[in-house]
Structures are given as C-alpha cells and as structure tokens.
Protein chains: 2
Amino acid sequence: MAYFTERAVTVADKTFFQFRKDIVEGAIKPGSKLNETELSTKYAVGRSVIREAINRLESCHLVERKANIGARVVALTPEGLRELYQVRESLEGMAARLAAKNMTDQEITDLNSLLNTHFQEVKTGDSYYQEAGDLDFHYRIILGSKNSHLISMLINGIYHLVRMYRVQLGMAGPRVATAFDEHKHIVQAISNRDEELAEMLMRRHISYSKNNIETKLAGY
Amino acid sequence: MAYFTERAVTVADKTFFQFRKDIVEGAIKPGSKLNETELSTKYAVGRSVIREAINRLESCHLVERKANIGARVVALTPEGLRELYQVRESLEGMAARLAAKNMTDQEITDLNSLLNTHFQEVKTGDSYYQEAGDLDFHYRIILGSKNSHLISMLINGIYHLVRMYRVQLGMAGPRVATAFDEHKHIVQAISNRDEELAEMLMRRHISYSKNNIETKLAGY
DNA sequence: ACCCCTTAGATTGTCGACAAAATTGCTTAA
DNA sequence: TTAAGCAATTTTGTCGACAATCTAAGGGGT
C-alpha cells in the first residue's frame, strides 16, 4: 500500500518507529515529559534503546531535550505550524521542480496510475486519501527529486511533524476533492517537464493546505 | 569572535564537537571506517558516548551507518557537492529573504559593522575572512530568518558538511574580494527590506561559490 | 510569613559486561 | 584450484549498575 516503508532491522529501530507513531498520533501527549526508565519498562527495552530513540526524535523536531533535565514532546502552536509550513513550501516546491527534471518516464507513469487509484477512492470514500494517499503522493515526488539531502530533510526531518499537526489538529472534509485536483495538475506539469510550473503549483498546493489548517485553528 | 557558539555541557557534547571537528577538517579521512571501541579509547570515553556521537554525526550527513555493520565517514564527490549546494542555495536564499523581513534594525546595524570589520581584514590578510568570517556572516543571516526549522536544518544539518567540502577540497584565493562585495550587496538589500532582491543575491552568491569550488575539482 | 540552605529522592549521564551478528581465515570436498 | 562450509575472532547491539546532576521537601533563621 504505502510506497515508502522504513525497514526496522534492530530493536532500537522498532522501538523508535513505535515511539514516533505514539507521539505523532497523540497517544503520548504534546508537551508531556518523557521519563526514560518509565518508557523503558513501557516498551520493554533497555534504557539505552530509549535514549537513542529520544535522540532520533529530537533530530526530527518531535521532542526537545535539555541536558541533565530531560526531554518533552513538542507543543503544537499556530506559530510552530506557520514556521513548519514555510519551510515545507520551499522544500517541497523545490522537490517538485527537481522531480519534473529528474523523474524517469516510468516513474511518472507510475505516479499517474497512483493518481487514478486515488480517484476511485475519492469517489467512494474519503478516508484513505487524506491519510496514506496524500502522503504517498508527496513521498513519490520527494523521492523523484533524486537529491538525497532534500529527501532526508523532508522524510527523516519535517514530515512526521507535519503529520502530527494534521492528525492532531484535524484535517479532512471538503478539501479532499480540491486537493486531488491540485495533485492532478502537479503531475501534469511534471509530465510536461515544466519545472517552474511544477514548483509553483506545489507551493500553492501546500499554501492552500496551510490555510485550511489555520482556519480550523480557531484559537489564533 | 565567532558569533554562534554551541555550548558543550556534557561529556557526550564535548566528544561530539571534537569528533565532528576531526571529520570536517580531515583528521579522520573521508570513507574511513569508524570502529567504536577504537574511538572510545582514542577519545577516552565510554562506548555509549561514541555511539551517541556517531548517531548525531549521521543526522548531519557526516557519516553513514549500516545496522550491524558499522559507520563510515562520508566520501566527498562532485555529485555530492552538487546536491549539497543545490539545497543550500534554496535554503539560504530563503533565509536571506526572511532575514530581510524579520531582522531587527539593531541586528542589521550589527551585521553592517561586522562587515566593516571584515573589510579591514580583507585588506590586510585574507586568511580570517574565508574561515570564521564568512561563516559568521552566513550564520547571522540564517539566525536572522527567525525560523527555527530553517535554522536547525542549516546549522545542525548541512553546514558542517559544507565546511568539510570547503576545508578539504580547498577554497580560497582571488575570490575573497569578490565574495566580500557580494556580502555587501546582500546586506544592502536586507537593510532596504528588499526581500526578493536579498534572496536573489544570496542564491547567486552561493551559486558563484559552487562554481568556484567545482573548477578546483579538476577530476570532474 | 518568607526566604535560603540542607538533605533526600528521583532522573539523567556514563560506563563496562554480556549477547547477537558479521567478518575472517581455515579446512575439506569436488 | 576453487568454492563452500565451519570455527574463531572481531564488531556492533542491548542491558543494567554506578556516578553526577537536578528537583522537591523540610527545617531554621530573619
């Protein structure tokens, strides 16, 4: 189903993935303190595994750690959302431009058929699309940029924080159909190898998405 | 002297900073394997401290780790340089634009006087400028963007890899004066709060810088 | 009543031991 | 001679113990 899957080879990996999931989906609440010994019993692993996981989570801005004091899950704020989407717009815009240049014809074909799959699902029920579907679409374009630094910054970096905002602050409803059209136009631009248009459409797409979330944040 | 200094409060911090320095400056050679027990005796710390350092180095793309196999220092390649500067141009361009918008008048004044200091040093001897001076200039603009994600991606992320390329593949000579002029124009644009010009000049500045390094890479 | 200092408890930082996995080198069979 | 399999060694992964630091609670002085 999901196009991009991370491989968990070691216990530390598995723990990190589960831990991250729990934070992104809110099972561990934003702002809460992370006690290492507590977590080590909860996940049934040694404390060093927990420490490594916390370090990794810090790298992707999901927790904040202070020396000798401890780590807390990040808080979700309107200002944080703004900063996040500001860089996301720039980076994913760049990814779209590079994808228009660097994706193979085969990859573009696959992307088109992915979109057709999504179209069926948008018509029937909206649930899938907003979750894995949307992520899948963006992932493919990010990977299509073929720039390893860009890919790492987005996928290991900010993407899970983006998901955290979306999952916990709600993001669904009537925008589904609109967003799908935007995806279609982006892929069209990529098919035409129109780098500048692809970037522009992607930036606009993300900007719309931000506005959509912001309006849902009544407390502004 | 240097504007942005990281505070080392713990042994793991100190070890990480020294370790990173050794890699960036080539004391530990690109491509070499990192043996944890060896390093733990070399730096006179426990192995867990070394492991944490390696994890951190992996986050900023200075080493590559494979599970159950080990970590190696990254290799410096023309292709890697190209990818790196591609994202650097985009991110620092963005930083310049945001700095033009968000820096306080006081910060801009300070930036101007920093430039005057550099001017004296450029006239007398070139050494300082290309090292700390240039970094200092870029750091201030990055911090001036006031976007924490952007700051973290650049300073904790790619900046040390940029330095590694510059230090190890050589980067000095007649470009010093040119680069200084470019810095001056960028600050001018920021003073005028001309966001688009600031971004454009910064991107061009970095692009020139890349060309300068690439021509020094005879093996192309 | 308030503040500072001391002390006890809890939490993080660092270390080396043991377990699991990979690498190396030797032996043996085709 | 080569290749495959096994054994020994090295290296990484995981764990819990001990040390250093922070936090909280209580007592004494003003």
Side-chain angles (χ1 to χ4, degrees), chain A residues 5-23 27-75 152 156, chain B residues 5-23 27-75 152 156:
Chain A
T5 50
E6 291 159 304
R7 262 260 161 288
V9 16
T10 171
V11 174
D13 287 339
K14 283 194 265 285
T15 308
F16 168 63
F17 292 141
Q18 183 61 45
F19 197 174
R20 187 179 63 189
K21 186 168 187 276
D22 290 343
I23 289 179
I28 301 176
K29 296 243 160 17
S32 59
K33 173 134 199 306
L34 299 176
N35 184 311
E36 294 180 357
T37 32
E38 225 172 77
L39 290 165
S40 118
T41 62
K42 171 177 176 182
Y43 289 106
V45 294
R47 202 159 67 84
S48 46
V49 170
I50 295 294
R51 281 179 66 81
E52 180 178 331
I54 290 180
N55 281 334
R56 287 213 242 174
L57 289 168
E58 194 187 15
S59 300
C60 41
H61 303 263
L62 291 175
V63 314
E64 286 164 358
R65 145 171 282 171
K66 286 179 184 170
N68 284 316
I69 292 182
R72 309 191 83 89
V73 179
V74 293
S152 163
N156 300 313
Chain B
T5 50
E6 291 159 305
R7 262 256 159 294
V9 15
T10 173
V11 173
D13 287 338
K14 282 194 265 285
T15 307
F16 168 63
F17 292 141
Q18 183 60 45
F19 197 175
R20 187 179 64 189
K21 186 169 187 277
D22 289 343
I23 289 178
I28 302 176
K29 298 243 158 18
S32 59
K33 174 135 199 301
L34 299 176
N35 184 310
E36 294 180 358
T37 32
E38 225 172 79
L39 291 165
S40 115
T41 62
K42 171 177 176 180
Y43 290 105
V45 295
R47 203 159 66 85
S48 46
V49 170
I50 295 294
R51 280 180 67 80
E52 180 179 330
I54 290 180
N55 280 334
R56 287 213 243 173
L57 289 168
E58 193 186 15
S59 300
C60 39
H61 302 264
L62 290 175
V63 313
E64 286 164 357
R65 146 171 282 172
K66 285 179 185 169
N68 284 316
I69 291 183
R72 310 191 83 89
V73 179
V74 293
S152 163
N156 300 313

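Atom set for the values below is all heavy atoms of this structure, side chains included, hydrogens, waters and symmetry mates excluded. Just so it is clear: chains get the letters A, B, ... in the order the sequence lines come, proteins before strands, and each one is counted from 1. This is a predicted model, so every value here is computed, not measured.
For A/I69 and D/dA20, the CD1 to P distance is 19 Å, given to the nearest whole Å. Between B/K66 atom NZ and D/dT12 atom P there is a gap of 14 Å when expressed in whole angstrom units. Between the CD atom of A/E36 and the P atom of D/dT14 there is a distance of 16 Å, rounded to whole Å. If you measure from atom CD1 of A/I50 to atom P of C/dT11, you get 15 Å, rounded to the nearest angstrom. We find that CG of B/L34 is positioned 13 Å from P of D/dT11, with the value rounded to whole Å. In this structure, CD of B/E58 is placed 14 Å from P of D/dT12, rounded to the nearest angstrom. Remark: P of C/dT23 and CZ of B/R72 are 11 Å apart, rounded to the nearest angstrom. For A/E38 and C/dA10, the CD to P distance is 13 Å, given to the nearest whole Å.
Residue B/K29 places its NZ atom among 12 or fewer non-hydrogen atoms of other residues, nucleotides or ligands, all under 6.0 Å distant. For A/K21, the NZ atom sits in a loose shell: 12 or fewer heavy atoms of surrounding residues, nucleotides or ligands are nearer than 6.0 Å.
Applying the 4.0 Å criterion to OP1 and OP2 of C/dT11, one finds that A/N35 has a side-chain N or O inside that range. Contact between the side-chain N/O atoms of A/R47 and the OP1/OP2 oxygens of D/dC15 is not found at any separation under 4.0 Å. A sub-4.0 Å separation between OP1 or OP2 of C/dG13 and a side-chain N or O of B/S48 is absent. Taking only side-chain nitrogens and oxygens, A/K33 comes nearer than 4.0 Å to OP1 or OP2 of C/dT12.
Within the 3.5 Å criterion, the main-chain N or O of B/E64 finds no donor-acceptor partner in the side chain of B/R72.
Between A/E36 and A/R65 there is a salt bridge, with a side-chain nitrogen of the basic residue lying less than 4.0 Å from a carboxylate oxygen of the acidic one.
Candidate nucleotides C/dC15, C/dT14, C/dA22 were compared by shortest atom distance to the side chain of B/N68, and C/dA22 ranks first. Checked against D/dG13, C/dT12, C/dT14, the side chain of B/T10 finds its nearest nucleotide in C/dT14.
Residue contacts shown for B/L39 are absent, as no nucleic acid heavy atom lies under 4.0 Å away.
Rounding to the nearest 0.5 Å places CD1 of A/I23 at 5.5 Å from CG of A/L34.
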